[in-house]
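These notes concern the structure reproduced below.
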Amino acid sequence: MTEILTLLLVGLSVGLGNFAASIAIGLSGVNKVLRLRIAVIFGLFETVMPIIGLVIGQRIANKLGGYSNLIGGSLLGLSGLYLVVSALRKTDKTEVKNASQSMGKLLIAALSLSVDNLIVGFGLGTHHQSLLLAAVIIGSTSVVLSLIGLELGSRLSTKVEEYSEILSGLILILVGIAIGLKIL
């Protein structure tokens, strides 16, 4: 049960990054077909990148021994801290906001949003999470949050985008602490 809770929290955290980006894209206005395409591509990248990290983390965890939880938890916490700092600094996300203009820009935006999820996946891998369960939970959460963000983007102000990134970072920090302390 704690494995599912951990994956749900991480899925929510990485999905909130997509949620924020989707709001930014949604503010510019996109049709239903493009909304679905964006959600699927964002979800695919947000699923694949942590899974790659998870596989690497699982392979290295045995070599790390008793320190694997501490290292994995620290990496998750640092990723969360990075997200919070980036949100507070209001890092320019022009490439994300313009992602709907072409397939190439959309793929680059999806990649740029998910690169840090390699570290998240690595952190989970040191915690010995199920690969299939992680893929299903993280992927579905990411797609759903992307769709919600695209819908809300056309209706809400940019403040929601900023707060979702901060929340995402805070969730990762808490999960990292819990894994590091072996609570989860």
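Only a predicted model underlies this, so the values are computations on that prediction, with no experimental measurement involved.
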Give the cluster check for Ile177 versus Leu81: same hydrophobic cluster or not, with ILVMFWY residues linked at side-chain heavy-atom distances below 4.5 Å.
yes
Partners passing side chain to side chain donor-acceptor pair (under 3.5 Å) against Thr141 (at least two apart in sequence or in another chain)
none
Do Glu3 side-chain atoms and Ser130 backbone N/O form a donor-acceptor pair below 3.5 Å?
yes
Contact summary for Val143 and Gly43, nearest pair of heavy atoms
CG2-CA, 3.7 Å
Atom CG in Leu152, atom OG in Ser22: separation rounded to 0.5 Å?
10.0 Å
Rounded to the nearest 0.5 Å, what separation is found between the CG atom of Leu5 and the CD1 atom of Ile137?
9.5 Å
Could you pull out the closest heavy-atom pair between Leu150 and Arg35, with the gap in Å?
CD1-O, 3.2 Å
Would Phe19 and Ile148 count as a side-chain contact (heavy atoms from CB on, under 4.5 Å) here? Give the steps.
CA-CA 7 Å; Phe19 177 74; Ile148 293 169; 3.6 Å; yes
For residues Leu133 and Ile4, report the shortest heavy-atom separation together with the two atoms involved.
CD2-CG1, 3.8 Å
Roughly how far apart are Leu7 CG and Leu12 CG, rounded to 0.5 Å?
12.5 Å
hydrophobic_cluster_shared for Val144 and Val40, side chain cutoff 4.5 Å:
no
Ser13 (side chain) donor-acceptor with Leu9 (main chain) under 3.5 angstrom
no
Non-hydrogen atoms of Phe42 and Ser142 that approach each other most closely
O-OG, 4.0 Å
As an exercise, state the distance from CZ of Arg37 to NZ of Lys32, rounded to the nearest 0.5 Å.
16.0 Å
Are Ile38 and Ile41 connected, step by step, through hydrophobic side chains (Ile, Leu, Val, Met, Phe, Trp, Tyr) whose heavy atoms are closer than 4.5 Å?
yes
Leu70 reachable from Ile60 in the ILVMFWY side-chain graph, under 4.5 Å edges:
no
Exercise: identify the closest heavy-atom pair between Gly77 and Ile173
O-CG1, 3.4 Å
Closest approach of Thr47 to Ala135 (non-hydrogen atoms, all atoms of both residues)
CG2-O, 3.5 Å
Roughly how far, to the nearest 0.5 Å, is the CZ atom of Phe122 from the CD atom of Gln58?
11.0 Å
Output all residues satisfying side chain to side chain contact (heavy atoms under 4.5 Å, CB included) with Ser140, sequence neighbours left out; order by chain, then residue number.
none
Leu44 reachable from Met103 in the ILVMFWY side-chain graph, under 4.5 Å edges:
yes
In a check of side chain to side chain contact (heavy atoms under 4.5 Å, CB included) between Ile52 and each of Val48, Val55, Leu54, which one passes?
Val48
